[in-house]
Amino acid sequence: MDERRLHALNDVPYSSGPVVYWMSRDQRVRDNWALLYARSRALEYRAPLVVLFCLAERFLAARPEQYTFMLAGLRAVEEELRACGIPFYIETGDPARSAPAFVERLNAGLVVTDFDPLRVKRVWRESLAAKVRVPVHEIDAHNIVPCRAASGKQEYGAHTLRKKLNRLLPEFLLPVPSLKKFNTAQSSSSSVNWERVYRAAGVSGEEAERIGMESGPRAAERAMRRFFQKGLDDYSWARNDPSANGQSGLSPYLHFGQLSAQRLALEISRSGSRSRDDFMEQLVVRRELADNYCLYNPRYDSFEGIPDWAKKTLDRHRADVREYLYGRDDFEEARTHDPLWNAAQKGLVRRGTMHGYMRMYWAKKILEWSASPEEAYETAVLLNDRHQLDGRDPNGYAGIAWSIGGTHDRPWADRPVFGMVRYMSFKGCASKFNIRRYIESIEND
DNA sequence: ATCGGCTCGCGCAA
DNA sequence: TGCGCGAAGCCGAT
């Protein structure tokens, strides 16, 4: 593994004891740098290796559907780890307490965890690193070019990060070694009490059917193959047409780490598809830009985090008359005057997803029809976190920041409410795609 | 149908 | 210090 994936969260040296991989963002066994690193440390120290997952109840407004999606994936993680002779544990309760308690109970000697720029995850990791007297190593298993290696500061736009990524990509876009069986004398007979876990998450397991999307590493692999066979070649022209089915739909798998971006990128880059470059732009540049934004901007999910020019211009339009004015419940229940917006919102609530192009329109209209930019921002973040299967993710926060706050964008002609933040209109959508077909596709779903 | 202007600031060249 | 240029657009002029 490239050492640039490693970030030590304290500088305690290893003395003795088992290696714990605290799995969090990257919920997979295959193609997981953090697990590979933990395994090689365990072999080096001749120590046992275990994997821990800490289940946080009510994580960032997550709904039962999202827990069900995640837990189905974790059941597969348990199976695959068992096949490799690695025990898997799930702890419930506040991870800032349950993780250190687990580490102490086990007398662990090293904790390895994966990288996630979200504040709540940083609090968990840092409280662990402060509480335990063992080394805590963070491994960026999510990004292809590790976030901290790509850039040491918040990037201004895609173009500034793109250059840096392209320079480093040849060093990082390589096959991930496969995980070999972990052969030690330790027993791997542990098994998770799933009934207890489901109860702690407050889900029955039936919610998955309502969303209608399979979960887990095998489903992710199937979805990827399906996209390669029919979808990838047309991606360039179809992706911005919400009435077509032109996007990959892989985002929930990437969000929960059930699918490795590195594997996907490697296959795409070798594919020779005519849409290769456009897809790689989304998968690599835009994804890593979102992580960069959240890592270096602690206000990534609020009005406070947007660029100064956008703050100023939105502030100047604070008193502008709003032609339509809605509150959070109106938005959540899709009770606006705009059938296009309502359709996007209804589809989101029903299926946990929204077309990428509509995500921009959706957020910009929340700005247009809310009493203040702050209120709009809060509404967008809450509804995105609550309903998107891939919510609670840097991509979502960066998308809202772009739509409402001009982050990673440039100023445009001054107009009511938006100021110089880029505007999007119903008319524009009508000229770009078949609105009626989009609405019908959601109503008939 | 096509085109330019809108407007700020980063990063690089000079 | 100047200059080119930037996620997905909009609008009015031609």
Side-chain angles (χ1 to χ4, degrees), chain A residues 150-167 234-248 251 275-294 296-297 300 305-317 320 323 338 340-341 344 353-369 373 380 384 393-435 438:
Chain A
S151 171
K153 59 165 192 164
Q154 186 187 336
E155 292 295 327
Y156 187 75
H159 58 115
T160 59
L161 182 63
R162 190 180 298 116
K163 265 186 299 195
K164 299 178 182 183
L165 290 177
N166 286 339
R167 200 174 51 237
D234 295 333
Y235 179 81
S236 287
W237 66 265
R239 76 192 149 118
N240 276 340
D241 181 351
S243 74
N245 190 15
Q247 298 201 313
S248 74
S251 178
S275 297
R276 182 186 62 193
D277 293 351
D278 285 336
F279 192 82
M280 287 290 281
E281 171 73 12
Q282 307 303 313
L283 178 66
V284 182
V285 179
R286 305 308 307 192
R287 269 183 73 255
E288 303 221 0
L289 182 62
D291 263 33
N292 169 276
Y293 168 63
C294 292
Y296 295 114
N297 187 332
Y300 57 77
I306 71 177
D308 281 342
W309 68 262
K311 242 183 254 179
K312 273 186 210 140
T313 193
L314 288 170
D315 204 45
R316 273 198 290 268
H317 289 273
D320 291 0
E323 199 179 342
D338 177 354
L340 175 59
W341 194 95
T353 59
M354 187 186 296
H355 191 281
Y357 191 86
M358 290 307 297
R359 292 187 192 211
M360 299 185 285
Y361 182 82
W362 177 85
K364 283 182 180 293
K365 292 300 160 186
I366 294 177
L367 171 63
E368 189 174 353
W369 307 325
N384 190 74
D393 185 284
N395 289 316
Y397 300 122
I400 290 167
W402 182 88
S403 302
I404 293 181
T407 300
H408 303 145
D409 201 7
R410 61 169 151 153
W412 299 86
D414 197 69
R415 57 172 295 128
V417 185
F418 284 76
M420 291 181 294
V421 172
R422 184 197 299 256
Y423 181 65
M424 286 175 79
S425 68
F426 184 94
K427 241 166 80 180
C429 290
S431 72
K432 287 189 184 67
F433 63 93
N434 188 330
I435 290 178
Y438 171 72

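Every chain is numbered from 1, with letters handed out A, B, ... down the list of sequences. Atoms considered below: every heavy atom in the structure, side chains included; atoms not considered: hydrogens, waters and symmetry mates.
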Colleague: Check whether any side-chain heavy atom of A:Glu368 lies under 4.5 Å from a side-chain heavy atom of A:Tyr423, and answer yes or no.
Modeller: yes

Colleague: Going 5' to 3' through nucleotides 7-14 of chain B, assign each nucleotide B (protein heavy atom under 4.0 Å from a base atom), S (under 4.0 Å only from sugar-phosphate atoms) or - (no protein heavy atom that close).
Modeller: BBSSSS--

Colleague: Show me the pairs that pass salt bridge (Lys or Arg N to Asp or Glu O under 4.0 Å) and involve residues 276-289 of chain A, at least two apart or across chains.
Modeller: A:Arg162-A:Glu281

Colleague: Select base, sugar-phosphate, or nothing to describe what A:Met360 touches, counting heavy atoms under 4.0 Å on all strands.
Modeller: base

Colleague: According to a strict under-4.0 Å criterion, is A:Lys427 in side-chain N/O contact with OP1 or OP2 of C:dG12?
Modeller: no

Colleague: What pairs with A:Phe433 under ring pair (Phe, Tyr, Trp, His ring centres under 6.0 Å), at least two apart in sequence or on another chain?
Modeller: none

Colleague: Between B:dT2 and C:dA7, how far apart are the P atoms? Round to whole Å, please.
Modeller: 24 Å

Colleague: Indicate, with a heavy-atom threshold strictly under 4.0 Å, whether A:Gln282 touches base, sugar-phosphate, or nothing.
Modeller: base

Colleague: C:dG9, C:dA7, C:dC11: which one has an atom nearest the side-chain heavy atoms of A:Arg286?
Modeller: C:dA7

Colleague: Can you check whether A:Tyr300 reaches A:Gln154 side chain to side chain, under 4.5 Å on heavy atoms?
Modeller: no

Colleague: Would you say the side-chain atoms of A:Asn297 and A:Tyr397 include a donor-acceptor pair closer than 3.5 Å?
Modeller: no

Colleague: Taking Watson-Crick and G-U wobble pairs with both distances under 3.5 Å, convert DNA chain C into its dot-bracket string, 5' to 3', dots for unpaired and | for cross-strand pairs.
Modeller: ||||||..||||||

Colleague: Considering only the P atoms, how many Å lie between C:dC10 and B:dG9, rounded to the nearest integer?
Modeller: 24 Å

Colleague: Quick one: list whatever passes salt bridge (charged side-chain N to carboxylate O under 4.0 Å, His left out) with A:Asp234, sequence neighbours left out.
Modeller: A:Arg274

Colleague: Output a table of donor-acceptor pairs, distance under 3.5 Å, between side-chain atoms of residues 412-420 of chain A and any protein atom two or more places apart or on a different chain; print 'none' if there are none.
Modeller:
unit_1   : atom_1 : unit_2   : atom_2 : d
A:Trp412 : NE1    : A:Arg410 : O      : 3.0
A:Asp414 : OD1    : A:His317 : NE2    : 3.2
A:Asp414 : OD2    : A:His317 : NE2    : 3.2

